There are 2 protein chains.
Amino acid sequence: MTTKPIPDIVVGRLPIYLRALQRMAQEGRRVTSSQELGERLGISAAQIRKDLSQFGEFGKQGTGYNIEFLAQQLQNILNVDRVWDVAVVGAGDIGSALARYQGLNNRGFRVAMIFDSDPKKVGTKVGAFVVKDSAKLVPEVSKAGIVIAMLAVPASAAQTVADQLVEAGVKAILNYAPISLNVPQGVRVQYIDPVTHLQRMTYYLDR
Amino acid sequence: MTTKPIPDIVVGRLPIYLRALQRMAQEGRRVTSSQELGERLGISAAQIRKDLSQFGEFGKQGTGYNIEFLAQQLQNILNVDRVWDVAVVGAGDIGSALARYQGLNNRGFRVAMIFDSDPKKVGTKVGAFVVKDSAKLVPEVSKAGIVIAMLAVPASAAQTVADQLVEAGVKAILNYAPISLNVPQGVRVQYIDPVTHLQRMTYYLDR
DNA sequence: TAGATTGTTAATCGATTAACAATC
DNA sequence: TAGATTGTTAATCGATTAACAATC
């Protein structure tokens, strides 16, 4: 018997739902509805119900969803009911900001180490971390059993570093370098390039 | 007569094509094909041709696409054949990294000013900029005619600042705060939240 | 010319929405 | 109970892919 896989586009919306739910919980709210959630997020109520129904039945007719319960369920589904260690590669402005970023807290992630190849940076402190030498990346990351990395090196170095991360056993890369990476099957990459986002908006701007 | 609008999902791929073309140009390449481009990007050749054909005929049968020409055309389409001034709001780690980020250069954008509400930060330097007081955001941004902003303030302040940006005439917001924003019709928002990207990947990770 | 690759059409595939019975 | 809202099905809508004539 084959279970049909969940569409990745659905998976991609779950973190958005979770984020909104956690915010609502913080606001002291106890229940919500697909309609209210949809209005906050600009997503149709039907879509939210459909998405959630892929994973189970989390609501009550007439009442809606218990916020804390649904958030808990989403954390389970997304495997963030634990804390993942993350390696940051590149200790420039972006890498340093990531190493200090408090926004990872309570959301399933923690920076565990940061690397740079520049001898002037190796050994210096960035936030709570001492910058390690990129030359040691493969052994250090494998030894720590780290499977998630944030890549914040120049585009020219990104593919080489990505190859090393893969060699070290990393399965998920969040890439801040403005370049598409080639990785083997089984390794996931997500891209963050502010410029592509900006250009997507300037298309609609006049002048 | 009504021309049917280009799907936003197509618009969203154009910056990726442009980025790859500019990289190829930098590598000294002169022509490419939908197939080669697709292999680099993990997108089907048919899709690339279909996307481009929405805007015109840019290739030659048997030969492919002239890289420099196609890049130029995409810059025109995306309105980045000019330089847009961008306002950064928030001078914490992320805002500071953005203000110093060199990756905007030659891609259609330039940071023009940075704001923060913390009196300890106002007046200090971040990269080439003196941090301005957020209290002056609306008049300063309107006066400068700035229509694009990058938002890097805490989630708790993000909606208020977004409202001010809208009031100041901003039409495109790149939001780094982990919260969904409500903005009026005609204003675009793009989101960058590393955690949502990471969670989208941990769904597929075991353990 | 022969080979390659575009631009486009039609077919397929997948995602979203509308609607409503079930039920809290 | 009456009202509200879920979970789900079927219908619609939109996006992707396959295929190929046109042509460089």
Side-chain angles (χ1 to χ4, degrees), chain A residues 2-18 20-21 24 29-74 77 180 200 203, chain B residues 2-18 20-21 24 29-74 77 180 200 203:
Chain A
T2 331
T3 316
K4 124 175 42 147
I6 307 293
D8 183 62
I9 196 161
V10 173
V11 174
R13 279 190 295 259
L14 300 185
I16 310 296
Y17 300 160
L18 176 56
L21 290 164
M24 285 177 171
R29 305 285 314 285
R30 300 197 78 82
V31 295
T32 186
S33 63
S34 58
Q35 172 157 20
E36 185 191 39
L37 206 44
E39 272 164 19
R40 281 220 192 191
L41 300 176
I43 294 177
S44 81
Q47 176 149 90
I48 291 172
R49 293 201 304 277
K50 187 107 212 287
D51 285 351
L52 296 177
S53 75
Q54 305 254 21
F55 301 95
E57 310 193 351
F58 305 119
K60 264 210 196 36
Q61 282 103 325
T63 311
Y65 301 91
N66 178 296
I67 290 171
E68 196 178 313
F69 174 75
L70 182 54
Q72 193 59 61
Q73 295 301 309
L74 289 176
I77 293 165
S180 296
R200 186 175 190 156
Y203 171 80
Chain B
T2 332
T3 316
K4 120 174 45 145
I6 308 292
D8 183 62
I9 196 161
V10 173
V11 174
R13 280 190 294 261
L14 300 185
I16 309 295
Y17 300 160
L18 175 57
L21 290 163
M24 285 177 171
R29 306 283 316 284
R30 300 198 77 81
V31 295
T32 186
S33 63
S34 58
Q35 172 156 21
E36 185 191 38
L37 207 42
E39 272 163 19
R40 281 220 193 191
L41 300 176
I43 294 178
S44 80
Q47 176 151 88
I48 291 172
R49 293 201 302 279
K50 187 109 211 287
D51 285 351
L52 296 176
S53 75
Q54 305 253 22
F55 301 94
E57 308 193 353
F58 305 118
K60 266 209 195 37
Q61 282 103 324
T63 311
Y65 301 91
N66 177 297
I67 289 170
E68 196 179 313
F69 174 76
L70 182 53
Q72 192 60 60
Q73 296 300 308
L74 288 176
I77 293 165
S180 296
R200 186 177 190 154
Y203 171 79

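Just so it is clear: chains get the letters A, B, ... in the order the sequence lines come, proteins before strands, and each one is counted from 1. All values reported here derive from a predicted model rather than from experimental measurement.
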Trainee: Using whole Å, what does the distance between atom P of nucleotide C/dA15 and atom CZ of A/Arg49 come to?
Mentor: 19 Å
Trainee: Give me the one residue out of B/Ser33, B/Ser44, B/Ser34 that meets side-chain hydrogen bond (donor to acceptor under 3.5 Å, both in side chains) with B/Arg49.
Mentor: B/Ser34
Trainee: Which nucleotide, D/dT16, C/dT17, D/dT5, lies nearest any side-chain atom of A/Ser33?
Mentor: D/dT5
Trainee: If I take atom CD in residue B/Gln61 and atom C1' in nucleotide D/dC20, what distance separates them, rounded to the nearest angstrom?
Mentor: 12 Å
Trainee: Does a side-chain N or O of A/Arg13 approach OP1 or OP2 of C/dA15 to a distance below 4.0 Å, or not?
Mentor: no
Trainee: Quick one: is A/Tyr65 getting a side-chain N or O under 4.0 Å of the D/dG7 phosphate, OP1 or OP2?
Mentor: yes
Trainee: Using 0.5 Å steps for rounding, measure from the OH atom of A/Tyr65 to the CD1 atom of A/Ile48.
Mentor: 8.0 Å
Trainee: Could you tell me the separation between the CG atom of A/Asn66 and the C1' atom of D/dT6, rounded to a whole number of Å?
Mentor: 15 Å
Trainee: How long is the line joining CD of B/Glu36 and C1' of C/dT6, in whole Å?
Mentor: 15 Å
Trainee: Do other residues, nucleotides or ligands put more than 12 heavy atoms under 6.0 Å from A/Arg30 CZ?
Mentor: no
Trainee: Out of D/dG7, D/dT9, D/dC24, which nucleotide sits closest to the side chain of A/Ser53?
Mentor: D/dG7
Trainee: Map A/Thr63 and A/Gln47 onto DNA chain C by nearest heavy atom, then report which one ends up closer to the 5' terminus.
Mentor: A/Gln47
Trainee: According to a 3.5 Å limit on both distances, what stems of 3 or more consecutive Watson-Crick or G-U pairs are formed with DNA chain D?
Mentor: C:3-24 with D:3-24
Trainee: Does CD belonging to A/Glu68 count more than 12 external heavy atoms closer than 6.0 Å?
Mentor: no
Trainee: Could you grab the distance from atom CG of B/Leu74 to atom CG of B/Leu14, nearest 0.5 Å is fine?
Mentor: 6.0 Å
Trainee: Over how many whole Å does the gap from A/Leu52 atom CG to D/dT5 atom P extend?
Mentor: 16 Å
Trainee: Just how far, in rounded Å, is P of C/dT5 from CD of B/Glu57?
Mentor: 18 Å
Trainee: Quick check: on DNA chain C, is the nucleotide nearest B/Gln35 upstream (toward 5') of the one nearest A/Pro7, or the reverse? Name the residue that is more 5'.
Mentor: B/Gln35
Trainee: Take atom CD1 of B/Ile9 and atom C1' of D/dC13, then tell me their distance rounded to the nearest Å.
Mentor: 14 Å
Trainee: Checking contacts here: which listed nucleotide (D/dT17, D/dT16, C/dC24) is nearest the side-chain heavy atoms of B/Ala46?
Mentor: D/dT17
Trainee: Rounded to whole angstroms, how far apart are CG on A/Leu70 and C1' on D/dT5?
Mentor: 14 Å
Trainee: Count the heavy atoms of every other residue, nucleotide or ligand shown that sit under 6.0 Å from CD of B/Glu36, and state whether that count exceeds 12.
Mentor: yes
Trainee: Going by distance alone, is a donor N or O of one side chain under 3.5 Å from an acceptor N or O of the other, for A/Tyr17 and A/Asp51?
Mentor: yes
Trainee: Return no unless some side-chain N or O of A/Ser44 is found under 4.0 Å from OP1 or OP2 of C/dT17.
Mentor: yes
